[in-house]
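Labels below follow one simple rule: chain letters A, B, ... track the order of the sequence lines, proteins then strands, and each chain is numbered from 1.
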Protein chains: 4
Amino acid sequence: MATKKGTDTKEKIFNAALKVFAKKGFSAATTAEIAEEAGVAQGTIFRYYKTKKDILRGVMIEYVDKFDEFADFDSIQKIIEDNAEKPLDEILKLIVLNRYKAFKKNFHISKVIHYEMQFHDDIMDMHLKKCKEKEGLVMKHILQHIDIDEDKYKKLGQKSLSIIFTSMMFGMFFQRLNGVRGNDEIPIEKEIDIIIDVFFNGILKR
Amino acid sequence: MATKKGTDTKEKIFNAALKVFAKKGFSAATTAEIAEEAGVAQGTIFRYYKTKKDILRGVMIEYVDKFDEFADFDSIQKIIEDNAEKPLDEILKLIVLNRYKAFKKNFHISKVIHYEMQFHDDIMDMHLKKCKEKEGLVMKHILQHIDIDEDKYKKLGQKSLSIIFTSMMFGMFFQRLNGVRGNDEIPIEKEIDIIIDVFFNGILKR
Amino acid sequence: MATKKGTDTKEKIFNAALKVFAKKGFSAATTAEIAEEAGVAQGTIFRYYKTKKDILRGVMIEYVDKFDEFADFDSIQKIIEDNAEKPLDEILKLIVLNRYKAFKKNFHISKVIHYEMQFHDDIMDMHLKKCKEKEGLVMKHILQHIDIDEDKYKKLGQKSLSIIFTSMMFGMFFQRLNGVRGNDEIPIEKEIDIIIDVFFNGILKR
Amino acid sequence: MATKKGTDTKEKIFNAALKVFAKKGFSAATTAEIAEEAGVAQGTIFRYYKTKKDILRGVMIEYVDKFDEFADFDSIQKIIEDNAEKPLDEILKLIVLNRYKAFKKNFHISKVIHYEMQFHDDIMDMHLKKCKEKEGLVMKHILQHIDIDEDKYKKLGQKSLSIIFTSMMFGMFFQRLNGVRGNDEIPIEKEIDIIIDVFFNGILKR
DNA sequence: CATGAATGAGAATTCATTCAT
DNA sequence: AATGAATGAATTCTCATTCAT
């Protein structure tokens with residue numbers, strides 16, 4: 001019970017911090033504003049996090065977990081299995097849409113991590129480690145299925161495919177989610193259709 | 001002469017600020033560190049910039065100029081003209097390489113602006129205004145040449161082409177320059193080759 | 001309790017500020033000196049007053065309250081009633097003595113306000129508003145009683161009487177309290193006697 | 001010639017300083033603003049005055065001279081002689097009007113001195129010394145003429161007369177010049193008439 | 001456990017003064 | 001003599017952190 005209450009408070013602080021960090025950046029955020037946003041007293045924060053920097057570390061740790069969820073192979077695997085009979089590009093579209101939704105859901109936290117990473121080596125290290133660990137696997141999943149038709153597709157190697165695919169995917173995600181573009185223009189499904197079609201067409205042998 | 005001296009100092013401060021902003025982020029950067037980096041007294045900064053925020057605005061203004069240089073149509077135009085007889089994909093590779101070099105050269109400033117933009121509405125506004133103004137024009141240049149062969153290429157419209165192309169290009173640029181990937185793995189020329197080949201192959205009719 | 005503590009601190013700061021302002025003037029006073037005088041940390045000041053200027057505003061607000069006390073009609077009224085049978089000049093002497101004591105008690109704050117007013121329009125406005133509101137009333141009290149004997153006194157009008165009376169009264173107060181004169185020369189009661197006698201004699205018909 | 005130019009510059013600085021001191025107070029005034037007001041470079045000020053405080057001292061010295069002019073007995077003497085046949089109250093009115101004009105002319109400088117005096121002991125000392133030296137003389141001039149008619153006037157002594165007269169006079173001057181009252185209400189001549197009538201009537205034997 | 005008043009180190013900013021030109 | 005760029009000590013103000021209640 002007591003533990004539950006403590007957990008609740010910590011969660012309120014965490015969410016408030018995340019919100020304020022996302023809005024102002026870590027440095028410009030004040031613990032006072034976080035406390036207000038969380039609806040707790042200023043001192044309460046320091047019962048759950050030793051320092052302000054510690055909150056950021058907490059965010060990172062949470063992010064790592066979210067990242068696992070984000071790069072959640074079970075759901076990707078499930079998509080592949082459930083649509084085994086469909087052509088590869090159709091499957092990929094479903095995967096990308098699934099990824100987009102996961103990304104969008106965790107965008108807040110991603111944004112904070114990506115911005116702060118640059119300035120905090122420890123955060124950077126945690127992130128890169130996590131990335132290396134997962135990134136390859138996502139592509140391997142894709143490649144596994146591409147490799148089967150090696151007569152049909154160009155032989156580009158994982159690295160190159162990875163560059164192209166992730167560039168397109170994340171480039172598009174960021175453009176959409178950062179409000180760089182007018183938001184409502186093209187629905188995400190349509191955009192994925194176009195981008196995957198070009199990608200797939202692009203890697204075809206000719 | 002006197003003017004020259006003042007300009008020199010302002011430039012020293014500007015460059016120092018850019019460096020410190022890039023290293024620590026705007027909020028975490030201190031004017032003391034900027035002053036030290038610039039090799040001037042703390043007070044000197046405020047002879048040239050009213051406030052710390054004003055330095056960032058100065059960086060933005062400089063960026064806008066760099067951006068003009070970056071989206072420098074003269075050099076693009078020149079590439080196109082000088083290589084008129086070459087196939088479109090070859091020309092595009094040259095353009096992208098040119099863009100990459102311009103981007104790399106101004107990466108420091110671009111990075112600062114792109115990151116800080118999120119937290120400063122005034123900077124964001126200045127940037128978006130500039131982007132809208134230029135972005136379309138770059139693509140138009142490309143399209144002009146693609147349109148000629150409309151039997152050969154898919155009819156995708158400027159918007160879609162723009163999304164795909166800028167996603168790939170900037171996605172790749174950021175991946176390379178942010179040190180997200182091991183830096184030196186593939187030479188940029190090779191990477192551009194691959195990416196443009198896929199893009200071009202991708203937009204072909206079939 | 002908690003409220004009491006906060007109020008105490010604010011009061012300590014207020015009194016310290018008043019003292020330092022009176023000694024050095026607003027501009028030359030430093031928040032560091034105020035903090036030391038108040039026996040609090042430098043930062044504590046800014047928990048209670050947003051800015052240094054705000055402390056002055058606080059002093060003004062306090063002054064306005066003191067002013068009410070200063071121009072306290074209840075005590076004037078009481079003097080009048082308690083001495084109803086005495087001649088008017090005797091009553092007036094008592095009133096002026098009462099005023100002098102009130103003025104002397106609040107001299108510190110009055111001095112700060114009167115001096116700083118010149119440089120701060122907002123303070124000036126607050127003050128004038130208060131003055132207009134009260135000044136007339138004091139004179140009306142006096143006039144009420146003078147009017148009865150209109151055969152005896154010159155018909156000078158409130159404005160002129162007000163000028164003469166306040167000039168004499170405040171001129172004398174300032175001379176005494178500013179140490180412009182050797183301080184202890186004539187006792188205040190004697191001085192009031194003389195001044196009121198002349199005033200009263202002066203407004204007699206002849 | 002060169003000397004003349006230097007004197008001119010010093011005078012420009014002096015007048016600018018006086019203006020800025022009067023507007024902002026000594027502490028809040030900046031040498032930069034004084035320089036701008038004077039139309040000289042910031043550094044130039046320090047060729048004529050060693051420090052900012054030194055400018056204030058310069059103002060004081062000037063004030064002492066002005067004060068001599070202000071308490072200028074030649075002009076008072078002249079008024080008395082020129083109007084020998086007129087009644088005393090008429091003469092006094094002329095004198096007070098003359099004083100008011102002198103005071104108004106030097107009000108700027110008086111204001112600065114009176115405010116700063118409190119915070120600078122050296123200025124205070126110079127001022128008090130000067131005051132003592134002159135004040136009595138003015139009254140003596142008046143008394144000389146009052147004494148003649150000692151049957152007609154009360155025997156009040158120089159001190160008491162001085163208090164009453166200067167209180168009325170300066171009280172009125174300050175009220176007028178500080179903009180405490182609505183400025184245009186009563187013309188100064190009319191106000192002097194009333195105040196002197198009351199004063200004179202007030203000191204009559206009865 | 002939670003609070004919020006108090007702290008004080010540190011950051012931004014100001015400004016009198018100096019000095020090379 | 002005059003200039004105005006540069007200085008840096010002093011000042012206002014901020015905010016993470018502590019601790020008595």
Quick check, are the ring centers of [X] and [Y] under 6.0 angstrom apart?
| X | Y | result |
| --- | --- | --- |
| C:Phe21 | C:Phe14 | no |
| C:Phe26 | C:His120 | yes |
| A:Phe119 | A:Tyr115 | yes |

Q. With the threshold set at 4.0 Å, does a side-chain nitrogen-carboxylate oxygen contact exist between B:Lys23 and B:Glu33?
A.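 Result for this pair is yes, salt bridge flagged.
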d([atom1], [X]; [atom2], [N]) in whole Å:
| X | N | atom1 | atom2 | value |
| --- | --- | --- | --- | --- |
| A:Lys10 | E:dC1 | NZ | C1' | 15 Å |
| D:Glu11 | F:dA1 | CD | P | 15 Å |
| C:Ile55 | F:dT11 | CD1 | P | 15 Å |
| D:Ile13 | E:dT17 | CD1 | P | 13 Å |

(Q) Apply side-chain hydrogen bond (donor to acceptor under 3.5 Å, both in side chains) to residues A:Glu11 and A:Tyr48 and explain how you reach the verdict. (A) CA-CA 10 Å; A:Glu11 217 166 284; A:Tyr48 293 95; over 6 Å; no
Q. Watson-Crick or G-U wobble partner for E:dC15, using a 3.5 Å limit on both distances?
A.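 Its partner is F:dG8 (Watson-Crick or G-U wobble, both distances under 3.5 Å).
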Q: Provide the Watson-Crick or G-U wobble partner of F:dT21, both distances under 3.5 Å; none if there is no partner.
A: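 WC or wobble partner is E:dA2.
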Q: Output yes when at least one side-chain N/O atom of C:Arg47 is less than 4.0 Å from OP1 or OP2 of E:dA5, else no.
A: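 Checking E:dA5 against C:Arg47, a side-chain N or O does come within under 4.0 Å of OP1 or OP2.
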(Q) If the cut-off is 4.0 Å, is B:Tyr49 near the phosphate of E:dT13, judged by side-chain N/O to OP1 or OP2? (A)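 For B:Tyr49, the contact criterion (side-chain N or O under 4.0 Å from OP1 or OP2 of E:dT13) is not met.
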Q.
Which is more 5' along DNA chain F, the nucleotide nearest C:Lys52 or the one nearest A:Lys53? Just name the residue.
A.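 Mapping each residue to its closest nucleotide by heavy atoms, the 5'-most match is C:Lys52.
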Q: Return yes if some donor-acceptor pair links the side-chain N/O of C:Lys10 with the main-chain N/O of C:Ile45 below 3.5 Å, else return no.
A: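 Not a single qualifying donor-acceptor pair exists.
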Q. Counting only non-hydrogen atoms, which of residues 22-46 of chain C are less than 4.0 Å from DNA chain F?
A.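 Those residues are C:Ala29, C:Thr30, C:Thr31, C:Gln42, C:Gly43, C:Phe46.
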